[in-house]
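Worksheet: one structure, shown below.
Scope of the values below: all heavy atoms of this structure, side chains included, with no hydrogens, waters or symmetry mates. Both counts, for ligands and for their atoms, begin at 1 and track the order of listing.
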Amino acid sequence: MSKFSVKTIDDINAKSQHVLIRCDFNVPIVNGSISDDTRIKATIPTIKKIIKDGGRIILCSHLGKAQGKPDPKLTLKPVATRLSEILKKDVKFLHDDKVISSSVLDSIHSMKDGDIVLLENLRYRIEEENNDESFAKELASTCDIYVNDAFGTAHRAHASTYGVAKFVKTCVAGYLLEKEVSILGMLLENPPRPFVGILGGAKIKDKLKIIDNLLEHCDKLIIGGGMAYTFLKAQGYEVGTSLLDESKIDYCKEMLSKAKKLKKEILLPVDTVATIDFPNPIDAKVPTKTFKFAEFDKNYMGLDIGRESIKSFMKALDGAKCVVWNGPMGLFENPSFRLGSYCIARKLSELKGAKTIIGGGDSVSAVSMANVTDKMFHISTGGGATLTFLEGTELPGIKCLNKK
Ligand code: AMP
């Protein structure tokens, strides 16, 4: 049994029960209309299961950065409308600036089996992000069963993702959360091998613990993107004006020697596509020059991996049976620095029978740019939550659920 196994909605029957489902309805809304409803659609299987049981469904979510104050621009009302269209069923929106009030509770108590309501944006209340116990109790007072299906916020201990569970006996995962947990859990417990980790992006600071933890689990670790330059500097190379975190050079040295000790390979770029001035705007055309690191010009900044590096990374991926990718190989927002991320995405799409897992955020955009989203085994719905999971830290939103 996996240590990540939690009870799910398949372990319960919600007949005539009030079921509070924490969803991730943090969707982009432009002029009052939803421009991308992927996150809403992703929760439908969980909602349908509870409808089938004959449960009484109370949906809740945050939207944007309401910072503890009601903000009409951040109301969840458009989400209720969209949900009603998708489910072909009335989803009653219980607007209240306090989210929960006696009139909201009255509406909830008069629900019938199969009814669905949606609460107002949880972050209208400052107590939500503060994980305030009294707000957690208010949320708990709406339900008999708590379901967490919001993986995107599972790394945060908020009242609706963590605190509430203390006051509800039955706390289970929805299908979306369950899927994320079982796939990410597989990476840390029994990945098909060879298992290759690919890390990129700009913020080395955010990914330190992951490098440390992934080295224990994967067979090879490819490091590209902005974070690679600190590693290259640690090896004594000139990196010019490329992204560099001086304070982490010793850490990079430590990781390189940890890899050696564990007999794992860390692959770093051997060449880089560079320019003198950072493109402004980000997608502006700029002159580029490719350097091998041994010959790097100190006036340049590296913004993508070069062709030799692409070749070496492709080779390292040959025959991989499991890959997790977090962070682009370069400034992929600019066409001149996109090739590295594009080639990685295409290579992953060609790996036969491999479990390719894209860890949220910009890597998801890179995969979509390369037009291979549907060829991936799993696209995670939460960047921050995936990172925390891969660090080996137990996510509060999972920890609070009933264990199998
Ligand atoms: P992160 O949030 O850490 O995954 O970083 C993603 C961002 O890193 C994207 O906006 C990329 O454009 C950026 N990035 C990747 N490689 C580089 C690089 N070599 N220099 C500057 N930014 C980069």
Side-chain angles (χ1 to χ4, degrees), residues 152 155 197-212 214 221-234 237-248 251-252 267-293 296-310 313 323-345 357-370 379-391:
H155 58 311
I198 310 175
L199 292 177
K203 296 175 228 99
I204 186 163
K205 227 173 45 256
D206 288 2
K207 293 178 190 168
L208 292 180
K209 277 208 200 146
I210 305 189
I211 300 174
D212 200 357
L214 261 190
L221 186 58
I222 293 175
I223 298 183
M227 37 189 305
Y229 302 94
T230 306
F231 275 91
L232 288 155
K233 183 83 177 176
Y237 289 108
E238 170 68 58
V239 296
T241 59
S242 311
L243 268 188
L244 177 67
D245 188 340
E246 297 266 6
S247 68
K248 298 297 177 251
Y251 172 85
C252 291
L267 287 109
L268 292 167
V270 289
D271 58 353
T272 181
V273 184
T275 189
I276 292 181
D277 294 314
F278 192 85
N280 183 17
I282 199 163
D283 57 353
K285 196 157 173 46
V286 286
T288 66
K289 206 166 161 186
T290 301
F291 293 98
K292 289 213 168 38
F293 279 100
F296 201 84
D297 180 331
K298 68 176 179 7
N299 297 311
Y300 278 75
M301 74 177 67
L303 290 178
D304 195 10
I305 56 173
R307 283 176 192 269
E308 290 300 315
S309 313
I310 294 176
F313 291 179
V323 182
V324 62
W325 180 19
N326 186 291
M329 294 291 102
L331 191 82
F332 77 109
E333 295 91 336
N334 186 304
S336 303
F337 306 104
R338 191 171 289 165
L339 190 65
S341 303
Y342 179 87
C343 290
I344 292 282
I357 293 138
I358 311 303
D362 285 323
S363 339
V364 178
S365 315
V367 165
S368 149
M369 238 175 227
I379 306 268
S380 178
T381 51
T386 308
L387 291 180
T388 310
F389 199 105
L390 294 177
E391 281 174 3

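The aromatic rings of F293 and Y237 sit tilted relative to each other, their planes meeting at an angle between 30° and 60°.
Residue pairs meeting the side-chain hydrogen bond (donor to acceptor under 3.5 Å, both in side chains) criterion with at least one partner in residues 278-287, sequence neighbours excluded, are absent.
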Tabulated below should be the N or O atoms of ligand 1 paired with protein N or O atoms at under 3.5 Å; can you produce that?
| residue | atom | partner | partner atom | Å |
| --- | --- | --- | --- | --- |
| ligand 1 | 2 (O) | K203 | NZ | 2.6 |
| ligand 1 | 3 (O) | A202 | N | 3.0 |
| ligand 1 | 3 (O) | K203 | N | 3.0 |
| ligand 1 | 3 (O) | K207 | NZ | 3.2 |
| ligand 1 | 4 (O) | K207 | NZ | 2.9 |
| ligand 1 | 5 (O) | A202 | N | 2.9 |
| ligand 1 | 8 (O) | A202 | N | 3.2 |
| ligand 1 | 10 (O) | E333 | OE2 | 2.5 |
| ligand 1 | 12 (O) | E333 | OE1 | 2.5 |
| ligand 1 | 12 (O) | E333 | OE2 | 3.3 |
| ligand 1 | 16 (N) | G226 | N | 3.1 |
| ligand 1 | 19 (N) | G302 | O | 3.2 |

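The distance from the OG atom of S247 to the NZ atom of K205 is 8.0 Å, given to the nearest 0.5 Å.
Listed by chain and residue number, nothing satisfies the ring-ring contact (aromatic ring centres under 6.0 Å, His included) test with F332 (two or more places apart in sequence, or in another chain). Among residues two or more places apart in sequence or in another chain, the side-chain contact (heavy atoms from CB on, under 4.5 Å) test is passed with S336 by T288, N334.
Defined by atom type and a distance below 3.5 Å, a donor-acceptor pair is present between the side-chain atoms of T272 and Y229.
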